[in-house]
2 protein chains.
Amino acid sequence: MASTAGRPSRVAKLPPRERILDAAEELFQSEGIRRVSVQAIAEKAATTKMAIYRHFETKDVLVAEWMRIVAADYQAAFDRVRMEYPGRPREQIMGLARFIAEGLPAISHRGCPFINSLAELPDRSHPARQVIEEHKAHQTRRLVGLCAEAGLPDPEQAAAEITFVLEGAQVSTQNGSIDRAGDRLMRIVEGIVDRHRSALDASRPAVG
Amino acid sequence: MASTAGRPSRVAKLPPRERILDAAEELFQSEGIRRVSVQAIAEKAATTKMAIYRHFETKDVLVAEWMRIVAADYQAAFDRVRMEYPGRPREQIMGLARFIAEGLPAISHRGCPFINSLAELPDRSHPARQVIEEHKAHQTRRLVGLCAEAGLPDPEQAAAEITFVLEGAQVSTQNGSIDRAGDRLMRIVEGIVDRHRSALDASRPAVG
DNA sequence: TCCATGCGATACCGTTCGGTATCGTCAGAG
DNA sequence: CTCTGACGATACCGAACGGTATCGCATGGA
């Protein structure tokens with residue numbers, strides 16, 4: 001397979017750094033962090049170990065960079081959902097749940113990258129862990145705000161309930177204990193929002 | 001402790017196999033599976049690598065055996081809860097939730113061993129994975145039965161909701177995104193049971 | 001044209017790990 | 001007492017890994 005080297009007119013090649021991150025993303029997600037060697041990432045990125053270490057000081061730094069990208073993607077999805085239903089926090093919450101529910105089949109073999117990475121990196125000082133915890137805290141803050149916007153009487157409790165259910169749906173999908181987890185998840189979140197709706201003030205302007 | 005008298009110079013020593021399993025349990029839980037070497041287990045068990053390989057063919061077999069023990073402990077706790085409230089499935093469900101909630105502080109640093117091991121063993125053919133999936137399936141079956149006993153109109157859905165919430169509480173505790181997760185968990189499960197129960201007592205929505 | 005620079009390839013280093021081989025010892029069964 | 005089998009200790013092996021050093025080449029700017 002190495003015989004195609006030297007051809008400059010290959011498929012429009014991304015710069016090595018992008019290829020490395022793409023390859024790392026794919027391998028880390030499917031195989032796990034510690035099971036993927038730098039050598040394997042280099043091969044999948046059609047480059048070499050040396051090139052990787054030219055762009056990332058250590059493997060841990062590369063892992064943290066990958067986590068940052070995953071977190072950014074997630075935040076972008078959150079933003080997209082918010083913009084899709086402006087001023088309608090209830091629909092925003094349901095959109096977020098739908099985003100997770102639709103992603104369940106894709107992670108059925110391997111689970112959520114955040115949950116998995118947390119398990120694979122018990123060292124709290126690992127750079128990737130700070131990214132994860134920061135992201136999770138940020139996400140919780142946003143969800144609490146969303147529940148408050150929706151007029152739920154106890155936004156923290158509602159956000160906790162939604163968070164538990166979203167996370168639980170992912171791990172239960174991973175271990176295969178619950179079938180049709182996506183449908184069930186949607187029904188559950190719907191129930192959570194509906195249950196608090198009686199206290200909802202219909203005349204509530206959107207927060208700018 | 002009196003059976004092995006004669007040389008009380010040391011702490012009453014269990015047979016090597018027990019010591020190995022105890023040490024493995026402690027290390028796997030606190031450090032993770034792949035980060036713990038067989039050598040480290042041997043040292044903590046006050047024995048040697050060779051002794052470990054005399055009792056377990058490979059490290060993977062030892063991991064699976066540990067998983068089996070954890071699953072058995074969990075099942076025992078389930079049984080204890082059931083016997084504590086005979087004929088009262090609602091209290092049994094709450095007892096199960098309390099068992100999880102009370103265990104949250106203990107796993108705040110490292111998470112649930114099942115979830116973590118699932119992340120650390122992406123290979124579906126790993127012997128420990130079969131133990132996990134079997135255990136989770138068994139647990140789900142029991143929970144569905146419990147919900148059915150409690151007369152909930154949709155036991156599968158109720159069990160899924162409870163499972164999601166229990167699992168989610170554990171991962172959220174691990175990543176520190178939700179505070180007072182134990183209290184919140186109890187309130188949520190209480191709400192789930194009450195809600196399904198009122199749907200049983202009367203066909204109209206009861207929560208106001 | 002020349003040179004700096006990024007890149008691919010390869011060889012290498014030190015460490016760790018799973019797993020094995022060997023040997024001396026000690027306790028208990030006959 | 002002797003035999004047997006489990007145990008502890010140690011040394012070792014081969015593989016894999018993270019990370020480094022070095023060299024040759026292609027490219028692009030001056």
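Below, read A as the first sequence line, B as the second, and so on, with proteins coming before strands; counting in each chain starts at 1. Predicted model only: the values in this text are computed from it and were never measured.
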Q | From B:Glu161 atom CD to B:Ile188 atom CD1, the distance as rounded to the nearest 0.5 Å | A | 9.5 Å
Distance in angstrom units between [X] [atom1] and [N] [atom2], rounded:
X       : N      : atom1 : atom2 : answer
A:Glu18 : C:dC7  : CD    : C1'   : 16 Å
A:Arg34 : D:dG18 : CZ    : C1'   : 11 Å
A:Ile52 : C:dG8  : CD1   : P     : 10 Å
B:Lys49 : D:dC12 : NZ    : P     : 14 Å
B:Ile20 : D:dA6  : CD1   : P     : 14 Å
B:Glu43 : D:dC7  : CD    : P     : 19 Å
B:Phe56 : C:dT20 : CZ    : P     : 15 Å
A:Gln39 : D:dT20 : CD    : P     : 15 Å

Q) Taking the nucleotide of DNA chain D with the closest heavy atom to each, which residue, A:Glu57 or B:Arg19, is nearer the 5' end? A) B:Arg19
Taking only side-chain nitrogens and oxygens of [X], does any of them come within less than 4.0 Å of OP1 or OP2 of [N]?
X       : N      : result
B:Ser37 : C:dT16 : no
A:Thr48 : C:dA9  : no
A:His55 : C:dG6  : no

Q) Going by distance alone, is a donor N or O of one side chain under 3.5 Å from an acceptor N or O of the other, for B:Ser177 and B:Asn175? A) yes
Q) Between the side chains of B:Glu43 and B:Gln39, is a donor N or O closer than 3.5 angstrom to an acceptor N or O? A) yes
Q. Of all the nucleotides listed (D:dG8, D:dC7, D:dT20), which has the minimum atom distance to the side chain of A:Tyr53?
A. D:dT20
Q: When you get a sec, tell me which of C:dG18, C:dT22, C:dA9 is the closest nucleotide to the side chain of B:Met50?
A: C:dT22
Q: Evaluate whether atom CD of B:Glu18 has more than 12 neighbouring non-hydrogen atoms of other residues, nucleotides or ligands under 6.0 angstrom away.
A: yes
Q: Kindly indicate whether the side chain of B:Lys59 and the base of C:dG19 share any N or O donor-acceptor pair separated by less than 3.5 Å?
A: no
Q. Less than 3.5 Å between a donor and an acceptor, one on the side chain of B:Arg54 and one on the base of D:dG8, is that the case here?
A. yes
Q. Considering all heavy atoms of both residues, which atom of A:Glu190 and which atom of A:Arg90 are nearest to each other, and what is their separation?
A. CG-NH2, 4.5 Å
